[in-house]
Amino acid sequence: MITRPGYWPGGRLDDRFRLLSTGNRTAQPRQRTLYAVIEWSWELLTGKERVLARRMAVFPAPTGAEAVEAVCSDGTLPAGDVPYVLGSLVDKSLVERAGDGYRMLESVRAYAAGQLLQAGERDTVRGRLVRHFASVAEEHGPLLRSARQQTSFALFAAEYDNLVYALRAAVEGRDADAAARLLGPLYWYWNTLRYDARADALVAGVCELGDALPEDARAAFAAIHLTGTGAPAPDAERVRAVIEDCARTGALERYPTVLLATLGLGHLLGLDELVERRMREVRGCPDRWAVACTFLVEAFMCHDRGDWAGLANATACALREFEASGDRLCTAMALAGVAQVHSVRGEHDEAVAAYRRGLALVPQDEVQYRLGIAAERMRGGDLAGARHDIDRAERAAVGRGDTLQRIGALACRADLHRRAGEPERADRELSRMEALGRETSLPGEAVGDWIAPVWMAVLLMAGDTVRARELLPRAVQAAFAHRNIAPAAQLLARLLLAEEDPAGAATALGTSLAIRGAFVDGDPELRELAAELARRLGWAAYDQAYGRGAAMPRQEALDRLRQAADGTWFGSAGVADIETGRPRQEGEHLHVGSAGKAFTAAAVLQLEAEGRLSIEDTVERWLPGVLDVNGYDGNKITIRQLLSNTSGLFVTGLASELSSRYATRSAFAEHRFDAWTTDELLKLTVSQPPIHEPGTAFAYSNGGFYLAGMIIEKVTGNTYAEEVARTVTEPLGLTRTYVRPADETGYPEPHPRACSSLFLKDGADPEDVTADNWRSMFEEPGLPPLDTTEYNSSWAWSAGNVISTTGEMIQVFDAFASGSLLPPAQHRAMWSLVSTEGGNWMPHAAYGLGVFELDPAVTGGLTLRGMGGSMQGSHFADVGTPDGEQTIAVHTNTEFKTWKVLFNALEAQFGTPPVPGL
């Protein structure tokens with residue numbers, strides 16, 4: 001019988017004791033009688049029997065005779081007397097035998113607990129219990145990963161509730177030494193054989209003991225706490241500090257079980273140099289189990305790098321070291337890895353033998369090893385043998401009542417039916433998986449990730465390419481989530497062949513090699529796929545197409561797979577750096593120019609949705625007096641007009657104060673690192689008089705957006721950058737898009753070099769530039785471009801100073817275009833258009849609030865919306881359909897010299913007709 005700890009907050013022993021008390025007149029007669037019987041029995045006990053009985057109440061669960069003797073004996077009850085007194089209590093039915101241990105019925109224990117409290121012994125006896133189980137845990141901690149593992153696991157299983165109670169009591173009593181000795185071994189037990197939902201809370205409780213803990217324990221438990229299931233995602237520097245602290249204090253030597261979690265997490269966060277250094281240090285120590293763990297981490301790293309040869313070698317080394325340590329559980333785990341290496345090579349008999357060795361070591365894990373054997377038999381063509389192993393695995397899972405293992409067996413059975421040419425039966429098994437998944441505590445998406453790859457393969461086998469294509473994104477998502485990505489590339493290859501794209505299929509098959517680092521010679525289906533592709537294409541064309549995929553850098557192959565799944569693609573021409581010839585790559589950080597105006601408009605519209613302002617408010621309402629200069633009237637200009645470029649503000653980009661700093665090469669070199677304040681931008685905004693009455697015409701003015709940024713800050717009390725993050729980038733889950741700080745002059749890696757050749761002619765006076773003649777004032781083509789990468793663009797601020805990537809800008813545009821970010825009323829306002837005719841701006845476009853829409857007359861009737869802009873050495877444009885289903889993001893690391901660049905891209909993507917006169 002397992003009961004809750006009686007001396008812990010929330011325990012029921014005190015309540016039960018009160019219920020038994022004769023003072024409770026409302027108790028049922030049966031309960032009063034039970035109390036009387038226990039009291040009568042108690043009175044018949046000898047003095048030593050009463051001492052032992054009341055002290056045994058401290059155990060919350062059955063325990064062994066050794067623990068009873070250690071915890072309950074003292075000068076009053078010598079250890080040598082305990083076995084005899086214990087036997088007497090059993091004879092008198094106050095204590096029961098429970099397997100190899102002893103327990104009290106809960107009602108008896110409740111009475112005995114009251115006697116213990118009255119005797120004033122509770123704290124003393126509980127302290128002995130804590131110290132005893134701390135010693136037990138400390139003794140068996142190393143044995144849990146040795147040849148005596150099974151004996152120690154059995155002891156932990158038998159005494160588990162007592163061990164956990166001792167840990168909780170140690171924390172409550174602030175006994176840091178005992179807590180440290182208990183938690184280390186319990187942590188490994190939780191991670192190997194027994195999941196406990198309380199584990200994270202228990203670890204946190206020990207960590208709260210802080211400096212009272214030994215230094216190495218404090219470092220180890222901080223690492224455990226950092227990697228717990230309930231912990232927030234840690235950042236790389238925090239993990240670096242924890243790993244370094246563990247190394248400095250010797251925690252990795254005393255608590256080697258933290259190696260796998262900390263070093264594995266370090267790799268995931270890009271700390272490979274640190275991880276490799278720590279692995280080399282551990283391999284110099286005599287603990288072969290710890291050395292084996294470093295090889296497991298190395299195998300994981302090789303897997304992530306597509307280094308199959310390195311993975312195979314590291315797995316073999318891990319097996320050798322675990323075998324030397326005597327750890328059966330970890331040896332079996334390494335054997336499963338060795339089996340997978342054999343499987344990829346096509347060595348089916350060796351793979352089955354490795355799985356069988358693992359099964360013999362850990363028969364309690366029969367299900368997973370049987371399913372591994374079944375999968376290998378299927379690859380080897382032995383479907384009957386595979387069916388036999390699946391049957392045994394499923395029976396074992398049902399016998400254990402393990403729903404998750406049953407789901408795994410059903411997935412394997414569905415694959416068996418697929419390989420046997422029985423898609424209907426496979427489909428039924430997958431439906432059973434879904435139904436079982438709903439009975440588990442797993443989130444629906446986890447079960448869906450499990451099912452999607454198998455179901456997609458079944459659909460392809462049945463010839464249903466449409467539904468298979470629909471499942472591809474989920475299958476790829478599952479592959480990335482479980483870090484087993486190459487099979488998704490193989491599925492894509494099958495799909496493309498079914499869609500009559502054999503060349504694309506061959507390239508996709510090649511990317512599986514780039515991702516994994518090896519072709520799966522052991523899978524007859526892949527061999528047949530390769531043969532069919534070669535037959536369709538011819539060997540030369542097949543080798544060329546396959547080679548394109550196989551030769552890709554692994555990251556490029558991963559990116560291509562993601563793009564194939566979500567319908568995106570990346571293409572480039574030219575170079576990212578004209579000095580080195582480095583090509584453009586996906587994910588580069590870039591300046592999006594006046595596309596940043598849409599961020600400002602979205603932030604303002606979100607504030608309107610929150611009821612904090614209205615876009616029909618005047619500038620005077622929020623910035624009183626700022627437009628009382630140079631003929632402006634803040635009472636006549638609304639926020640909507642600021643955002644739609646119809647405020648009458650002059651074209652701020654042509655202000656002499658700005659052009660004099662950046663218009664010529666020499667001026668740019670002198671002023672490229674100037675930082676602008678909002679006060680300076682406000683002076684710039686009103687430095688020339690209005691060019692028309694508010695609301696009567698379009699004129700592209702950065703000044704309107706400067707004022708909008710100031711209004712955002714006035715309304716919220718936050719910075720403009722903070723509000724853009726709150727209203728745009730954070731709701732969209734963007735991690736690489738931000739408003740550039742005023743003191744930032746470069747880009748995060750990776751990024752292209754920015755090159756500009758858009759400067760005024762030598763001797764040209766910026767004062768002479770107008771909205772009508774500015775094109776003719778620029779220098780002649782042919783001069784070498786100027787590198788403008790390092791440049792303070794703070795003058796753009798809320799008119800467009802956002803750094804992003806093409807991928808994230810597609811997300812932004814899709815949200816703006818489709819209405820998924822803003823409420824309906826604000827979304828409609830963003831796309832309320834005004835004519836740009838006569839505004840010397842982008843041809844064939846109408847303007848909304850920070851965004852534009854192309855004239856259907858030049859798009860073949862297709863509605864295309866967009867946002868974009870330029871900056872010295874950068875030009876960006878996002879254009880797509882209003883539903884967000886088709887979007888193109890175009891970036892050049894120099895300025896557009898003609899609008900034809902953009903319209904040619906639109907023609908290629910959307911099939912729009914050529915636009916004359918550009």
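All values below were derived from every heavy atom in this structure, side-chain atoms included, with hydrogens, water molecules and symmetry-related copies excluded.
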Participant: Report yes if the side chains of L416 and E429 come closer than 4.5 Å at any heavy-atom pair, otherwise no.
Facilitator: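 Result no, sub-4.5 Å side-chain heavy-atom pair not found.
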Participant: Are D415 and R419 close enough for a salt bridge, meaning some N to O gap below 4.0 Å?
Facilitator: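 Yes, charged N to carboxylate O under 4.0 Å.
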Participant: Looking only at heavy atoms, which two atoms of A334 and F322 are closest? And how far apart?
Facilitator: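 Result for this residue pair: CB-CD1, 4.2 Å.
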Participant: Is a side-chain donor or acceptor of R736 paired with a backbone partner of G587 at a separation under 3.5 angstrom?
Facilitator: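 Yes, the answer is positive, given that a donor and an acceptor are paired below the 3.5 Å cut-off.
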Participant: Check this for me: does any side-chain nitrogen of one of R483 and D304 sit under 4.0 Å from a carboxylate oxygen of the other?
Facilitator: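 So R483 pairs with D304 through a salt bridge.
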Participant: Do T789 side-chain atoms and A754 backbone N/O form a donor-acceptor pair below 3.5 Å?
Facilitator: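 Present.
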Participant: Enumerate the salt bridge (charged side-chain N to carboxylate O under 4.0 Å, His left out) contacts for residues 803-815, please, sequence neighbours excluded, ordered by first and then second residue.
Facilitator: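 Listed once each, the pairs would be none.
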Participant: Is the backbone of A508 close enough, under 3.5 Å, to the side chain of T511 for a donor and an acceptor to pair up by distance?
Facilitator: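 Yes, the answer is positive, given that a donor and an acceptor are paired below the 3.5 Å cut-off.
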Participant: Compare all side-chain heavy atoms of Y738 with those of V724 and state whether any distance is below 4.5 angstrom.
Facilitator: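 Side chain of Y738 against side chain of V724, heavy atoms only: no contact under 4.5 Å found.
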Participant: Are R240 and E237 ion-paired here, with the side-chain N under 4.0 Å from a carboxylate O?
Facilitator: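 Salt bridge between R240 and E237, a charged N being under 4.0 Å from a carboxylate O: yes.
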Participant: Charged N to carboxylate O below 4.0 Å: is that the case for E244 and R277?
Facilitator: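 Looking at R277 together with E244, the answer is yes, because their closest N to O distance falls below 4.0 Å.
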Participant: Has E588 got a side-chain atom pairing as donor or acceptor with Q585's backbone, closer than 3.5 angstrom?
Facilitator: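 Pair found, side chain donor or acceptor close to backbone of Q585.
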Participant: Just wondering, do T737 and F599 contact through their side chains at under 4.5 Å, heavy atoms?
Facilitator: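 F599 reaches T737 side chain to side chain.
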Participant: What are the two closest heavy atoms between Q340 and W308, and how far apart are they?
Facilitator: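 What the structure gives for the nearest pair is O-CZ2, 4.1 Å.
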Participant: Can you tell me how far apart CD (E528) and CG (L533) are? Round to the nearest 0.5 Å.
Facilitator: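 It is 12.0 Å, given to the nearest 0.5 Å.
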Participant: Main chain of P750, side chain of H589: is a donor-acceptor contact present, judged purely on distance under 3.5 Å?
Facilitator: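 Yes; judged by distance alone, with no hydrogens or angles, the pair exists.
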Participant: Any ion pair linking R753 and D787 (charged N to carboxylate O, less than 4.0 Å)?
Facilitator: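 Salt bridge: yes.
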Participant: Between the side chain of R740 and the main-chain N/O of N801, is any donor-acceptor distance below 3.5 Å?
Facilitator: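 No; zero donor-acceptor contacts below 3.5 Å.
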Participant: Nearest 0.5 Å, what's the CG-CD distance between L561 and Q490?
Facilitator: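 Reported to 0.5 Å precision, the distance equals 10.5 Å.
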Participant: Just do the side-chain contact (heavy atoms from CB on, under 4.5 Å) check on L558 and I485 with the steps written out, would you?
Facilitator: CA-CA 8 Å; L558 296 175; I485 304 167; 3.7 Å; yes
Participant: Does the S874 side chain pair with the main chain of M871, one donor and one acceptor, at a distance under 3.5 Å?
Facilitator: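 Flag not set: sc S874 to bb M871 has no pair under 3.5 Å.
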Participant: Check whether any side-chain heavy atom of Y747 lies under 4.5 Å from a side-chain heavy atom of I803, and answer yes or no.
Facilitator: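 Side-chain contact under 4.5 Å: yes.
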Participant: Under 3.5 Å, side chain of R467 to main-chain N/O of L459, donor-acceptor pair present?
Facilitator: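 Not at all, since once roles are kept as given, no pair shorter than 3.5 Å links the two residues.
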Participant: How about CD on E749, more than 12 heavy atoms from neighbouring residues, nucleotides or ligands closer than 6.0 Å, or not?
Facilitator: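 More than 12 within 6.0 Å, yes.
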Participant: Determine whether L259 and V282 make a side-chain contact, defined as any pair of heavy atoms from C-beta on separated by less than 4.5 Å.
Facilitator: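 Yes, close enough: below the 4.5 Å cut-off.
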Participant: Do the non-hydrogen side-chain atoms of H591 and V802 ever get within less than 4.5 Å of each other?
Facilitator: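 No, every pair of side-chain atoms sits at 4.5 Å or beyond.
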Participant: So does R536 pair up with E532, basic N to acidic O under 4.0 Å?
Facilitator: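 Judged by the 4.0 Å cut-off on N to carboxylate O distance, R536 and E532 do form a salt bridge.
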Participant: How close do A479 and A488 get, counting heavy atoms only, and between which atoms?
Facilitator: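 Where A479 meets A488 most closely, the heavy atoms are CB-CB, 3.6 Å.
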Participant: Is it the case that the side chain of R865 and the backbone of A817 share a donor-acceptor pair, with hydrogens and angles ignored and the cut-off at 3.5 Å?
Facilitator: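 Yes: the side chain of R865 pairs with the backbone of A817.
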Participant: Treating T315 as the side-chain partner and L311 as the backbone partner, does any N or O pair qualify as donor plus acceptor under 3.5 Å?
Facilitator: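 A pair under 3.5 Å: yes.
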Participant: Quick test of your reading of the model: are E525 and R494 salt-bridged, counting only N-O distances below 4.0 Å?
Facilitator: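 Salt bridge present between E525 and R494.
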Participant: Just wondering, do D577 and P752 contact through their side chains at under 4.5 Å, heavy atoms?
Facilitator: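 A side-chain contact is absent here, since even the closest heavy-atom pair is not under 4.5 Å.
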Participant: Give a yes or no on whether a salt bridge exists between E499 and R469, defined as a side-chain N under 4.0 angstrom from a carboxylate O.
Facilitator: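 R469 and E499: salt-bridged.
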Participant: Are E321 and R283 ion-paired here, with the side-chain N under 4.0 Å from a carboxylate O?
Facilitator: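 No.
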Participant: Show your reasoning for whether side-chain contact (heavy atoms from CB on, under 4.5 Å) applies to N893 and R584.
Facilitator: CA-CA 9 Å; N893 52 333; R584 296 297 302 267; 3.5 Å; yes
Participant: What residues form a side-chain hydrogen bond (donor to acceptor under 3.5 Å, both in side chains) with E281, not counting sequence neighbours?
Facilitator: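 With neighbours one apart ignored, the set is R278.
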Participant: With a 4.5 Å limit on heavy-atom distance, are the side chains of Y542 and L509 in contact?
Facilitator: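 Result yes, sub-4.5 Å side-chain heavy-atom pair found.
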Participant: Once you measure the plane-to-plane angle for F876 and H891, does it fall in the parallel (<30°), tilted (30-60°) or perpendicular (>60°) bin?
Facilitator: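 Correct class here is tilted.
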Participant: Regarding T894 and H875, is there a side-chain donor-to-acceptor distance under 3.5 Å anywhere?
Facilitator: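 Per modelled atom types, T894 and H875 side chains form no pair under 3.5 Å.
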Participant: Taking only residues at least two apart or on different chains, which pairs with a member in residues 257-268 satisfy salt bridge (charged side-chain N to carboxylate O under 4.0 Å, His left out)?
Facilitator: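 Sorted pair list comes back empty.
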Participant: What I want to find out is whether D272 reaches R305 closely enough, with some N-O distance under 4.0 Å, to be called a salt bridge.
Facilitator: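 Here D272 pairs with R305 in a salt bridge, since their nearest N and O are under 4.0 Å apart.
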